[in-house]
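So the structure is just underneath, and the comments pick up after that.
Computed from heavy atoms alone, side chains included, the values below leave out hydrogens, waters and symmetry copies. Predicted model only: the values in this text are computed from it and were never measured.
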Amino acid sequence: MKLNELLKGIKILDIKGGGEREVSGVEIDSRRIADSYMFVAMRGTIVDGHAFIPKALEKGASVIVCEELPVELKEDVTYVKVASTEDTVGKISTAFHGNPSAHLKLVGVTGTNGKTTIATLLYNLFGKLGHKCGLISTVCNYIGDRKIDTTHTTPDAIELNELLAEMLEAGCEYVFMECSSHAIVQKRIGGLTFAGGIFTNLTRDHLDYHKTFENYCNAKKMFFDNLPAKAFSLINLDDKNGRVMVQNTKSEVHTYSVRTMADFKARILECHFEGMYLEIDGTEVGVQFIGKFNVSNLLAVYGAARLLGKEKDEILLTLSTLKSVSGRLEPVKAADGRTAVVDYAHTPDALQNVLSAIREVLDGKGKVITVCGAGGNRDKGKRPLMAKEAAKGSDTVILTSDNPRGEDPNEIIREMAEGLDAPMRKKTLMITDRREAIRTACMLATKNDVILVAGKGHETYQEVNGVRHHFDDREVLREIFDNN
């Protein structure tokens, strides 16, 4: 593609070299550069891409997009100076791949909790309704039925457009995507055309990156600020930040709620471990989910499907057939009647929601034993809050290692325990080895009790000192149940 075409609509501060040259690829990683590629030098949080310009040139880059021109300029290379490569890369990547999102119905889901569940259920729902769909999520990416492993909630702008172009080429009509706060702030979704956006809720998370809750809130709001007028916004009125999200949006605003008047309403009629009976917009439907927070998730899915043109009856019929997302309130049962639940809950609010759902179903007929930890090199402020929520909602708590990453797991557990008062400490154990913590919980449980193993959900690894070791909470539970 001609460089001049790629630079249309880009505010250029300076350009050195010709603009007629052909560009055969766009990259932000110098290791992936090939002949006639464009290298966009990004200022990352850890490394500055400008330091890799010489490496990109060695590998054949013919165009350099940067915020600061190198001292020495090669004659056969075009240098494009812009105010922000972060702002620019998404637009260039979108143009290079033929603006694939404009030819798809792309729906973004943002918020603290529920993003994976809502995006995945929409993907499954529309698949069952006969559409070929794409999914971009924390757990996995899908192009139709083809699974693609993922390392980030939202890929970088170049990978994202490559993926969307591949989805379009494969015949996908709809794409459902989680939009993390990091991705929004870092402009990874810049240049994309969204058909709609969904807001779930907002609670404390990622303050290690955003520093303040206000910054975190504004990051989510930025997504809705940038939605076009022809798109829809679907917000959760049960969260006080719902209205904040759409204060400056040009999109058409719609609402959902389980507590107050809204465009889309639901309430629980009955609740069991096998599922719930709900009333959604005046119609009763049985679903294979539990917990009030899942009622909210299902309502968001229903509302989005309605806004995308689907009929009420076909949506509700299909919703009744859908199952929980991997690692989200996923049950593992023992032959003797003990039940374990694996969930990705890794924030205070998520723990509260999951424990509340379990308590609702138990209805006082059994105890709750919770195993949880907190991730290393992440927001330290939420650690004592998580331990406190676990203790409030459980009969016994075992604090253990999650993904300690580069931190001492014992220190993380100590910081979690600071959130416990004296009565809470009496019902709390501290076992650093996660496998032993789960084994202990299983030994303490009797028939009718529920063991909640929280924090890692779908993850199949434990990261210690930068190394990922295979570890799957579900596998560990099955192994313990089979042998005891």
(request) Could you walk me through whether Phe176 and Val109 pass the side chain to side chain contact (heavy atoms under 4.5 Å, CB included) test, one step at a time? (result) CA-CA 8 Å; Phe176 304 102; Val109 187; 5.7 Å; no
(message) Can you give me the closest heavy-atom contact between Gly134 and Cys172, atom names plus distance?
(response) N-SG, 3.9 Å
(message) Please check this pair: side chain of Arg338 against backbone of Cys442, looking for a donor-acceptor N/O pair closer than 3.5 Å.
(response) yes
(request) Kindly determine whether Arg378 and Asn403 satisfy side chain to side chain contact (heavy atoms under 4.5 Å, CB included), including the steps that lead there. (result) CA-CA 10 Å; Arg378 298 293 187 268; Asn403 288 320; over 6 Å; no
(message) My understanding is that only residues two or more places apart in sequence, or in another chain, count here; which of them pass salt bridge (Lys or Arg N to Asp or Glu O under 4.0 Å) with Glu314?
(response) none
(message) To the closest 0.5 Å, what do you measure between CE (Met386) and CG (Leu351)?
(response) 5.0 Å
(message) Quick one: does any side-chain atom of Thr117 pair with a main-chain N or O of Gly114 as donor and acceptor, under 3.5 Å?
(response) no
(request) Give a yes or no on whether the backbone of Ile480 and the side-chain of Arg439 come within a donor-acceptor separation of less than 3.5 Å. (result) no
(request) Sorted by first residue and then second, give each ring pair (Phe, Tyr, Trp, His ring centres under 6.0 Å) pair with at least one member in residues 350-388; sequence neighbours left out. (result) none
(request) Return yes if some donor-acceptor pair links the side-chain N/O of Ser356 with the main-chain N/O of Gln352 below 3.5 Å, else return no. (result) no
(request) Take His182 and Arg188 through the side chain to side chain contact (heavy atoms under 4.5 Å, CB included) test and state the conclusion after the steps. (result) CA-CA 8 Å; His182 293 69; Arg188 288 187 230 159; 3.5 Å; yes
(request) Could you tell me whether a side-chain N or O of Lys392 sits under 3.5 Å from a main-chain N or O of Lys388, the two making a donor and an acceptor? (result) no
(message) Pairing donors with acceptors under 3.5 angstrom, does anything connect the side chains of Lys312 and Thr283?
(response) yes
(request) Please check if the side chain of Lys187 supplies one atom and the backbone of Ile184 the other of a donor-acceptor pair under 3.5 Å. (result) no
(request) Apply salt bridge (Lys or Arg N to Asp or Glu O under 4.0 Å) to Asp363 and list each qualifying residue two or more places apart in sequence or on a separate chain. (result) Lys365
(message) So, taking the atom named CG in Asn241 and the one named SG in Cys217, what distance separates them when rounded to the nearest 0.5 Å?
(response) 4.5 Å
(message) Can you confirm whether Tyr277 is buried at OH, in the sense that more than 12 heavy atoms of other residues, nucleotides or ligands lie under 6.0 Å from that atom?
(response) no
(message) So does Gly327 get a backbone contact from the side chain of Glu330, meaning a donor-acceptor N/O pair under 3.5 Å?
(response) yes
(message) Using 0.5 Å steps for rounding, measure from the CG atom of Asp263 to the CG atom of Leu234.
(response) 8.0 Å
(message) Keeping Ser233 on the side-chain end and Gly197 on the backbone end, is there a donor-acceptor pair under 3.5 Å?
(response) no
(request) Quick one: which residue pairs count as a ring pair (Phe, Tyr, Trp, His ring centres under 6.0 Å) with a foot in residues 302-340, not counting sequence neighbours? (result) Phe264-Tyr302
(request) Would you please say whether a donor-acceptor pair under 3.5 Å links the side chains of Glu178 and Thr116? (result) yes
(request) Test Asp473 against every option in His458, Arg434, Lys456 by the side chain to side chain donor-acceptor pair (under 3.5 Å) rule and name the one that passes. (result) Arg434
(request) For residues Asp156 and Met42, determine if any side-chain heavy atom of one lies less than 4.5 Å from a side-chain heavy atom of the other. (result) no
(message) Give me the atom names and distance for the closest heavy-atom approach of Asp402 to Gly375.
(response) CB-N, 4.0 Å
(request) Please list, chain by chain and in numerical order, all residues satisfying side-chain contact (heavy atoms from CB on, under 4.5 Å) with Ala300, sequence neighbours excluded. (result) Ile118, Ile198, Tyr256
(request) For Gln462 and His470, indicate whether the former's side chain and the latter's backbone hold a donor-acceptor pair under 3.5 Å. (result) no
(message) Can you tell me how far apart CG (Asn410) and CG (Leu399) are? Round to the nearest 0.5 Å.
(response) 11.5 Å
(message) So which atom in Pro404 and which in Ser401 form the shortest heavy-atom distance, rounded to 0.1 Å?
(response) CD-OG, 3.3 Å
(request) Please identify each residue that fulfils ring-ring contact (aromatic ring centres under 6.0 Å, His included) with Tyr174, with sequence neighbours left out. (result) Phe126, His131
(message) As a test of understanding, state which of Val287, Leu125, Leu298, Thr120 forms a side-chain contact (heavy atoms from CB on, under 4.5 Å) with Leu322.
(response) Leu125
(request) Please report the shortest heavy-atom distance between Val368 and Leu355, naming the atom on each side. (result) CG1-CD2, 3.7 Å
(request) Measure from the side-chain N and O atoms of Asn448 to the backbone N and O of Gly366, and report whether any donor-acceptor pair falls under 3.5 Å. (result) no
(request) Check the side chains of Arg474 and Ser326 for a donor-acceptor pair under 3.5 angstrom, ignoring hydrogens and angles. (result) yes
(request) Indicate the atoms forming the closest heavy-atom contact of Tyr344 with Arg328, along with that distance. (result) CD2-NH2, 3.0 Å
(message) Which heavy atom of Ile412 sits nearest to which heavy atom of Gly376, and what is that distance?
(response) CD1-CA, 3.7 Å
(message) Does either side chain, that of Asp349 or that of Asn113, offer a donor lying less than 3.5 Å from an acceptor on the other one?
(response) yes
(request) Nearest 0.5 Å please: distance from the CZ atom of Arg383 over to the CD atom of Glu418. (result) 10.5 Å
(message) Checking Glu252 now: which residues fulfil side-chain contact (heavy atoms from CB on, under 4.5 Å) with it, not counting sequence neighbours?
(response) His254
(request) State which residues pass side-chain contact (heavy atoms from CB on, under 4.5 Å) with Pro384; sequence neighbours excluded, sorted by chain then number. (result) none
(message) Pair Lys382, Asp379 - check salt bridge (charged side-chain N to carboxylate O under 4.0 Å, His left out), show working.
(response) CA-CA 6 Å; Lys382 72 179 181 181; Asp379 178 12; 5.8 Å; no
(message) Holding to side-chain contact (heavy atoms from CB on, under 4.5 Å), I want the full list of residues that pass it with Lys427, two or more places apart in sequence or in another chain.
(response) Ala391
(message) For the residue pair Asn236 / Thr200, report whether a side-chain donor-acceptor contact shorter than 3.5 Å exists.
(response) no
(request) Check whether the side chains of Asn297 and Asn294 place a donor and an acceptor atom closer than 3.5 Å, and report yes or no. (result) yes
(message) Checking Phe194 now: which residues fulfil ring-ring contact (aromatic ring centres under 6.0 Å, His included) with it, not counting sequence neighbours?
(response) Phe223
(message) Taking Glu475 first and then Arg478, would you say they form a salt bridge - that is, a charged N and a carboxylate O separated by under 4.0 Å?
(response) no
(request) Can you sort out the partners of Arg267 under salt bridge (Lys or Arg N to Asp or Glu O under 4.0 Å), two or more places apart, ordered by chain and number? (result) Glu279
(request) Can you measure from CG (Asn201) to OG (Ser296) and round to the nearest 0.5 angstrom? (result) 7.0 Å
(message) I'd like to know if the side chain of Asn248 pairs up with that of Lys221 as donor and acceptor (distance under 3.5 Å, no hydrogens or angles considered).
(response) yes
(request) Evaluate side chain to side chain contact (heavy atoms under 4.5 Å, CB included) for Glu162 paired with His97, printing each intermediate quantity in order. (result) CA-CA 7 Å; Glu162 287 174 353; His97 290 284; 3.3 Å; yes
(request) For Arg146, check side-chain hydrogen bond (donor to acceptor under 3.5 Å, both in side chains) against everything at least two apart and list the hits. (result) Glu166
